[in-house]
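Notes follow once the structure below has been shown.
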Amino acid sequence: MLGIVTVDDAMMVVEEETTEDILKFSGSDVDEKIDLKQISPWIRAKRRLPWILVAIIGEIFSGRVINGFSATLQTIVALSFFIPVIMDMGGNVGTQSAAIVVRGLATGEIDTASIIKNVLRESAVGIILGIINGILVTVITYFWQGKVLLGLVVGIAIAFNLTLAAALGTFIPLLWHKFGHDPAVASGPFVTTLLDIIGLFVYFSTATWILNL
């Protein structure tokens, strides 16, 4: 025997690994032993900056999507009321799916050999969430705005975006891991930013199609 591993040693390693994964998932990359009490604000900011810049660029694209459908918004201003719902719900589901995948990869419960199988499994969850929330938002929109077609637009957009969010939230970290990169680094900021862009495009495209704007 070369030595023993105490419970305290094991717990310390688990704590360090968990903290590292959480920081990476939130976009705060870590490349050395973590000691949050000793890391200066400048170093913390420098680690977060790259993914914040990615998010800024992505949200600028989101703004361009909205600008591209400005005529649609001018016709029915009420469409703007639901932009936060579209963006936030897609981002939430995408982040949840990504978190599940990152944890599954860390514990060995998820195998990257079958990416399609994992994506389809999580997409089924997204479809269920999308249908339930889509119907709920459709009813709320109707009673709020008194417009059936507007409620239908918002409901369809929610259903599609939640399904897509679950699929992308699973696919991106799996693909990132397949290429030999840490999936926790890009999953959070990249997934939410990408979903904002796609979600808005789907929302306004659906509105233009159904409302004939």
Side-chain angles (χ1 to χ4, degrees), residues 25-27 54-102 116-175 186-213:
F25 191 74
S26 64
V54 170
I56 289 176
I57 294 173
E59 297 309 325
I60 290 175
F61 276 105
S62 298
R64 291 186 62 86
V65 170
I66 296 175
N67 181 67
F69 289 93
S70 58
T72 302
L73 271 175
Q74 290 174 5
T75 304
I76 300 183
V77 180
L79 287 170
S80 63
F81 302 162
F82 302 95
I83 291 177
V85 179
I86 298 295
M87 297 178 69
D88 289 346
M89 291 189 68
N92 289 337
V93 172
T95 302
Q96 289 173 351
S97 297
I100 291 173
V101 171
V102 170
I116 296 179
K117 181 179 179 181
N118 289 309
V119 171
L120 290 177
R121 183 188 299 115
E122 192 63 23
S123 295
V125 177
I127 291 173
I128 296 173
L129 292 174
I131 292 175
I132 294 174
N133 286 279
I135 294 174
L136 178 61
V137 173
T138 298
V139 173
I140 293 175
T141 303
Y142 172 72
F143 282 105
W144 180 18
Q145 296 296 319
K147 299 178 181 179
V148 177
L149 289 182
L150 179 60
L152 188 61
V153 167
V154 180
I156 291 176
I158 288 290
F160 184 87
N161 285 337
L162 295 193
T163 302
L164 183 63
L168 287 179
T170 304
F171 177 73
I172 290 177
L174 285 175
L175 185 64
S187 296
F190 187 73
V191 168
T192 53
T193 302
L194 183 61
L195 286 172
D196 285 348
I197 299 172
I198 298 177
L200 286 174
F201 180 78
V202 169
Y203 176 46
F204 288 116
S205 297
T206 304
T208 303
W209 172 53
I210 293 181
L211 301 176
N212 294 319
L213 299 175

Within the structure provided, determine whether [X] and [Y] are in side-chain contact (heavy-atom separation under 4.5 Å).
X    : Y    : value
F69  : F201 : yes
V154 : V85  : no
Y203 : V153 : yes
F204 : I83  : yes

Got a list of side-chain donor-acceptor pairs under 3.5 Å for residues 167-174, not counting sequence neighbours?
residue: T170; atom: OG1; partner: A166; partner atom: O; Å: 2.8

Which residues pass the side chain to side chain contact (heavy atoms under 4.5 Å, CB included) test with [X], sequence neighbours left out?
X    : answer
A78  : I76, F81, Q145, L150
I132 : I128
V125 : E122, L129

Counting distance only, does the side-chain N/O of [X] pair as donor-acceptor with the main-chain N or O of [Y] below 3.5 Å?
X    : Y    : value
S80  : V77  : yes
T138 : G151 : yes
N67  : G63  : no

### Task
Identify the two heavy atoms, one from A157 and one from I86, that lie closest to each other, and give their separation to 0.1 Å.
CB-CD1, 3.9 Å
### Query
Which heavy atom of T192 sits nearest a heavy atom of G91, and at what distance?
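Of all heavy-atom pairs spanning T192 and G91, the closest is CG2-O, 3.9 Å.
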Supply the atom-to-atom distance [X] [atom1] to [Y] [atom2], rounded to the nearest 0.5 angstrom.
X    : Y    : atom1 : atom2 : answer
L164 : I198 : CG    : CD1   : 5.0 Å
L200 : R64  : CG    : CZ    : 14.0 Å
L120 : K117 : CG    : NZ    : 10.5 Å
L162 : L195 : CG    : CG    : 9.5 Å
T193 : I57  : OG1   : CD1   : 10.0 Å
I156 : N161 : CD1   : CG    : 11.5 Å

### Message
How about CZ on F160, more than 12 heavy atoms from neighbouring residues, nucleotides or ligands closer than 6.0 Å, or not?
### Response
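Not more than 12 within 6.0 Å, no.
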### Task
Please name all residues satisfying side chain to side chain donor-acceptor pair (under 3.5 Å) with R121, sequence neighbours left out, ordered by chain then number.
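R121: side chain to side chain donor-acceptor pair (under 3.5 Å) contacts with N118.
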### Query
T141: what forms a side chain to side chain donor-acceptor pair (under 3.5 Å) with it, not counting sequence neighbours?
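Partners of T141 under the side chain to side chain donor-acceptor pair (under 3.5 Å) test: none.
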